[in-house]
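Take a look at the structure set out below.
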There are 2 protein chains.
Amino acid sequence: MARTRSFDRDAVLAAAGNAFRQHGYRDASIAELERATGLVSGSIYNAFGDKAGLFRAALEHYVHGFVRQRIAAFAGADAGLEELEQLFVSVLEPPLSDGYGCLVNNSIIEFGNAPGIASDGINETLALVRQGIASLLTREIGAAAAELEAMQLVLLYHGVLTLSRSGTSLEAMRSAVGATFDRLLAARSRHNNKQ
Amino acid sequence: MARTRSFDRDAVLAAAGNAFRQHGYRDASIAELERATGLVSGSIYNAFGDKAGLFRAALEHYVHGFVRQRIAAFAGADAGLEELEQLFVSVLEPPLSDGYGCLVNNSIIEFGNAPGIASDGINETLALVRQGIASLLTREIGAAAAELEAMQLVLLYHGVLTLSRSGTSLEAMRSAVGATFDRLLAARSRHNNKQ
DNA sequence: ATCATTTTAGAACTTGTATTCTAAAATAGG
DNA sequence: CCTATTTTAGAATACAAGTTCTAAAATGAT
């Protein structure tokens, strides 16, 4: 038949995702993406159509092979507040602690709310995070307080992701996350006593 | 002597700031900026040097004529928790509730931490917000808890600004802000009783 | 081993966009 | 009322970046 592809699609998408995470979609030039992925432009266009296609594929890879995994691990059906805290802590540790932020959070700012090449990944991620946190909190502190606390945690989450690009001390953010979860642990104790 | 300038510099910088807020620096073309400001490119280049110069001027105008004002009003020396809550609420109301976010918060994502045309405005704003909130909390709930709570509020603040570009319900964010401040009001009561 | 088909490589091209340039219009002072 | 100087206007330019194209290399099936 025909020649087989010589590169690893997952590795290419991970490398492209990092380039987009660092520079944004617009400022990541094809030359930059060639360097990051090790491919030449011909191969990129052959495999992904165009720059937008590469971005879509990289974002989907990021959401399905990274965000989804972490939500499942840290906010899945058998996760508790301790695991959820690790979700927040994990964005302050490698590989996200390089100062380039989160591809989804960055894309919210770059692309906004209008339908576009990032909408699917953004909306899927927002739903995953919100629902994961909300149902975990419902189990842990009860349905009454869960919704309000969930939105506060979602906002905290995106605040951490945004300021992780600003040079703000990771340690200071880590402490703030710790304080928030100390409060939630206390709420859980009160909730368990009431029952 | 010579012909006088026919446009209002402040109005032009406000219009340019809105265009940058909506599209970002890179995606706001000169043609877009001409439309937004009402100037033609010749006047822009004559008055501000280049696109980067216009951005720097617009960002400085934004920080000094908007951020600074709001911090002074809502987190100044005689402000309390009630005023601070209004700072958070105000970013969910006009003119910031148009879904285009905050020029500074957007610039954190677009430019990151590396020195560049947005660094001054970003760093000045981060310092203003952090210090304003921290000293207000020191007065309101005491020095012991102030620092940790301040960082949580700063993260909440940037979370709101980021998600304000995502189509997330403004009302849901408003409720989350309300819940956070209810908790701080309770902390203030406890702190005042202790004294 | 040969061939059909795909990937790879890199040059060529096209388009979009920031910037510069040239000339005309306008204004405040002499 | 001139005139020097600046702003304004818009065309011209230069450059960067995304995309396309052409040809060669590679590979699996027949």
Side-chain angles (χ1 to χ4, degrees), chain A residues 1-59 61 103 106-107 110-112 114 116-118, chain B residues 1-59 61 103 106-107 110-112 114 116-118:
Chain A
M1 282 263 289
R3 177 175 175 180
T4 52
R5 191 164 280 169
S6 72
F7 63 85
D8 175 3
R9 183 184 153 95
D10 281 350
V12 163
L13 291 181
N18 277 327
F20 285 127
R21 205 161 58 80
Q22 180 171 3
H23 302 286
Y25 173 71
R26 191 61 150 68
D27 278 357
S29 67
I30 297 291
E32 193 96 39
L33 293 166
E34 288 180 303
R35 228 178 311 126
T37 61
L39 301 183
V40 292
S41 67
S43 302
I44 293 177
Y45 280 86
N46 177 63
F48 301 103
D50 56 12
K51 184 181 168 182
L54 174 59
F55 180 83
R56 265 190 297 265
L59 182 59
H61 180 266
L103 185 55
N106 295 355
S107 295
E110 180 163 12
F111 295 100
I117 64 177
Chain B
M1 281 268 287
R3 177 177 175 180
T4 52
R5 192 165 279 171
S6 71
F7 62 84
D8 175 2
R9 181 185 155 94
D10 281 351
V12 163
L13 291 181
N18 277 328
F20 285 128
R21 205 161 58 80
Q22 180 170 2
H23 302 286
Y25 173 72
R26 190 63 150 69
D27 277 356
S29 66
I30 296 292
E32 193 95 39
L33 293 166
E34 287 181 302
R35 228 180 311 126
T37 60
L39 301 184
V40 292
S41 66
S43 303
I44 294 178
Y45 280 85
N46 177 62
F48 302 104
D50 56 12
K51 185 179 167 183
L54 174 60
F55 180 83
R56 264 191 296 266
L59 181 58
H61 179 265
L103 184 55
N106 295 355
S107 295
E110 180 163 12
F111 295 100
I117 62 178

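A note on names: the letters A, B, ... follow the listed sequences, proteins ahead of strands, and every chain is numbered from 1.
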| message | I need the CZ-P distance between B:R5 and C:dA28, as an integer number of Å. | response | 14 Å
| request: To the nearest Å, give me how far apart CG (A:D50) and C1' (D:dG18) are. | output: 9 Å
| Between C:dT15 atom P and B:I30 atom CD1, what is the distance in whole Å? | 22 Å
| note | Atom NZ of A:K51 and atom P of C:dT14 are separated, to the nearest Å, by 21 Å
| query | Within the structure, does a side-chain N or O atom of A:S43 lie under 4.0 Å from either OP1 or OP2 of C:dT7? | reply | no
| task | Report the distance from atom CG of A:N46 to atom C1' of C:dT8, rounded to the nearest whole Å. | result | 8 Å
| query | What is the nucleic acid contact for A:A52, judged by heavy atoms within less than 4.0 Å: base, sugar-phosphate only, or nothing? | reply | nothing
| B:S41, nearest nucleotide to its side chain (from C:dT19, C:dA18, C:dA9) | C:dT19
| message | I need the CD1-P distance between A:I44 and C:dT7, as an integer number of Å. | response | 14 Å
| query | How about B:L54 and B:F20: do any of their side-chain heavy atoms sit closer than 4.5 Å? | reply | yes
| Residue-phosphate contact under 4.0 Å: A:T4 side-chain N/O, D:dG28 OP1/OP2 | yes
| query | For DNA chain D, whose closest nucleotide is more 5', that of B:R26 or that of B:F7? | reply | B:F7
| message | Go through it in stages, so that I can follow the logic: the residues are A:K51 and A:L33, the test is side chain to side chain contact (heavy atoms under 4.5 Å, CB included), and I'd like the CA-CA distance, side-chain angles, deciding distance and then a yes or no. | response | CA-CA 9 Å; A:K51 184 181 168 182; A:L33 293 166; 4.3 Å; yes
| task | For the residue pair A:V12 and A:H61, establish whether any side-chain heavy-atom pair is separated by less than 4.5 Å. | result | no
| Interatomic distance, A:E32 CD vs D:dG18 P [rounded to whole Å] | 10 Å
| field | Nucleotide D:dG10, atom C1' - distance to CD of B:E34 in whole Å | value | 9 Å
| message | Taking only side-chain N and O atoms of A:S6, does any of them lie within less than 4.0 angstrom of OP1 or OP2 on C:dT8? | response | yes
| query | Of A:D27 and A:G42, whose closest DNA chain D nucleotide lies nearer the 5' terminus? | reply | A:D27
| request: Verify side chain to side chain contact (heavy atoms under 4.5 Å, CB included) between B:T37 and B:E32, making sure each step is shown before the conclusion. | output: CA-CA 9 Å; B:T37 60; B:E32 193 95 39; over 6 Å; no
| query | So, A:Y25 versus A:F111, ring centres under 6.0 angstrom or not? | reply | yes
